Amino acid sequence: MVLQVVEKFVSINGEGRRCGQLATFIRFAGCNLNCGYCDTAWANDRKVAFDPMTAEEVYAYIKDTQVTNVTLTGGEPLLQQDMGELLELLSQDSELYVEIETNGSVLLSKFSDLENPPSFTMDYKLPSSGMERMMALENFDHLTEKDAVKFVSGSMADLEKARELINAYKLTEKASVFISPVFGDIELESIVDFMKDNQMNGVNMQVQLHKIIWDPNERGV
Ligand SMILES: C[S@@+](CC[C@H](N)C(=O)[O-])C[C@H]1O[C@@H](n2cnc3c(N)ncnc32)[C@H](O)[C@@H]1O
Ligand SMILES: Nc1nc2[nH]cc(C(=O)O)c2c(=O)[nH]1
Ligand code: SF4
Ligand SMILES: [Mg+2]
């Protein structure tokens, strides 16, 4: 069994709880969703070239970088058959801080028996993604303070839905909560205005830092 790795690199994390810090990124092939705005759709192409790597090989690469933050992304990383094995291996290394970007459709409960689980950054796919029907709402019950929920918003209707869910599930009490723009699709100021108008205390607005530093279409950064 192997993990299907489409790219691996060191950069600063442009998103999430450790935004701005160095991280080693491992991007895996394939996804079960097809979000209209996906910025890494190339990684989901059935014919994408990948490096078949064992969990031990991925771990060795991570250690070789000497960077202690790790972000597993994709594609949808939790669909990789050997992800359980990789997470087990990573969880035994107390020097590492491991984050997984996941799309909200995969049940997080499948990974809840890990002794030292990674930090899940769970996207909730809002209406403008076209994928909202695929969301597993029960994932909200499995979040801990190590985790994050992210609402990537491309419209006022998206912001409104994010607000409803944050309130209904008391998400700011359970995990870190982020609202981010679909890159280029929504006025940044309108997100701040929306947060002000709705007293969205405890919610973090975040813009993808790597798309400001590098060309937004650049890979491997
Ligand atoms: C490419 S996805 C891979 C991980 C997983 N499939 C998911 O959707 O969370 C990584 C993150 O990039 C975000 N993303 C993808 N395209 C984007 C875009 N055009 N603008 C802003 N964020 C985007 C996703 O919402 C997700 O939070
Ligand atoms: N620098 C940088 N930070 C990131 N944070 C999450 C990413 C992702 O694609 O999941 C990402 C990425 O692709 N690049
Ligand atoms: S779930 Fe993530 S990787 Fe899959 S299409 Fe949506 S943004 Fe892209
Ligand atoms: Mg990205």
Side-chain angles (χ1 to χ4, degrees), residues 4-46 48 50 65 67 69-80 83 97-108 111 118-136 139 143 147-155 158-159 161-162 175-188 191 204-221:
Q4 302 184 334
V5 176
V6 291
E7 61 175 1
K8 50 189 190 314
F9 56 93
V10 171
S11 186
I12 49 119
N13 200 336
E15 305 170 23
R17 297 175 78 225
R18 297 217 171 170
C19 187
Q21 294 188 19
L22 285 177
T24 298
F25 290 85
I26 313 285
R27 191 180 305 282
F28 297 95
C31 187
N32 58 329
L33 303 189
N34 185 18
C35 304
Y37 54 68
C38 182
D39 61 8
T40 47
W42 60 270
N44 305 339
D45 190 320
R46 281 183 201 286
V48 71
F50 61 82
T65 67
V67 168
N69 292 324
V70 179
T71 298
L72 307 178
T73 185
E76 175 47 51
L78 293 183
L79 294 178
Q80 294 287 312
M83 189 48 66
Y97 170 84
V98 180
E99 252 179 19
I100 299 201
E101 303 268 328
T102 183
N103 67 20
S105 75
V106 181
L107 292 182
L108 299 183
F111 300 90
S119 164
F120 293 99
T121 298
M122 195 204 86
D123 253 43
Y124 180 93
K125 302 298 179 191
L126 291 163
S128 76
S129 70
M131 291 290 125
E132 193 181 15
R133 66 183 184 282
M134 301 295 283
M135 293 301 93
N139 277 339
L143 298 170
D147 300 324
V149 189
K150 192 163 149 194
F151 295 96
V152 175
S153 307
S155 66
D158 281 357
L159 288 172
K161 187 63 193 270
S176 300
V177 178
F178 294 96
I179 293 187
S180 290
V182 173
F183 191 79
D185 273 13
I186 184 169
E187 286 286 339
L188 301 180
I191 298 181
N204 303 275
M205 176 180 165
Q206 201 170 66
V207 179
Q208 292 172 298
L209 198 51
H210 50 295
K211 291 194 186 166
I212 295 169
I213 301 175
W214 294 281
D215 182 299
N217 298 314
E218 186 88 22
R219 294 186 193 175
V221 294

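Everything numeric in this text was worked out from a predicted model, so none of it was measured. Indexing begins at 1, ligand by ligand and atom by atom, following the structure's order. Both backbone and side-chain heavy atoms feed into the values below; hydrogens, waters and symmetry mates do not.
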Which is closest to atom 8 (O) of ligand 1 by heavy-atom distance: E101, K125, M131, Q206?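 It is K125 whose heavy atom sits nearest to atom 8 (O) of ligand 1.
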Return the option from K150, M122, K211, Q208 holding the heavy atom at the smallest distance from atom 22 (N) of ligand 1.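 Residue with the shortest heavy-atom distance to the ligand atom: Q208.
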I need the L78 CG to F111 CZ distance, nearest 0.5 Å.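 Answer rounded to 0.5 Å: 4.5 Å.
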What residue and atom, counting heavy atoms only, is the protein's closest point to atom 16 (N) of ligand 1, and at what distance?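 Nearest neighbour among protein heavy atoms for atom 16 (N) of ligand 1, to 0.1 Å: D39 N, 3.0 Å.
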Top protein contact for atom 7 (S) of ligand 3, by heavy-atom distance: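 Among all protein heavy atoms, the one nearest atom 7 (S) of ligand 3 is K125 NZ, 3.7 Å.
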Sub-4.0 Å heavy-atom environment of ligand 2, residues by chain: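 Contacts of ligand 2 under 4.0 Å: S11, I12, N13, G14, E15, F25, R27, T73, E101, H210, V221.
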Residue-atom pairs from the protein, N, O or S only, that lie under 2.8 Å from atom 4 (Fe) of ligand 3: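 Listed by chain and number, the nearby protein N, O or S atoms are C31 SG.
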Modelled atom types, side-chain donor and acceptor of [X] and [Y], under 3.5 Å:
{"X": "S128", "Y": "S155", "value": "no"}
{"X": "Q21", "Y": "N69", "value": "yes"}
{"X": "E99", "Y": "N13", "value": "yes"}

List the steps, then state whether side chain to side chain donor-acceptor pair (under 3.5 Å) holds for N103 with E76. CA-CA 7 Å; N103 67 20; E76 175 47 51; 3.2 Å; yes
Give a yes or no on whether a salt bridge exists between R17 and D147, defined as a side-chain N under 4.0 angstrom from a carboxylate O.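 Answer for the salt bridge query: no.
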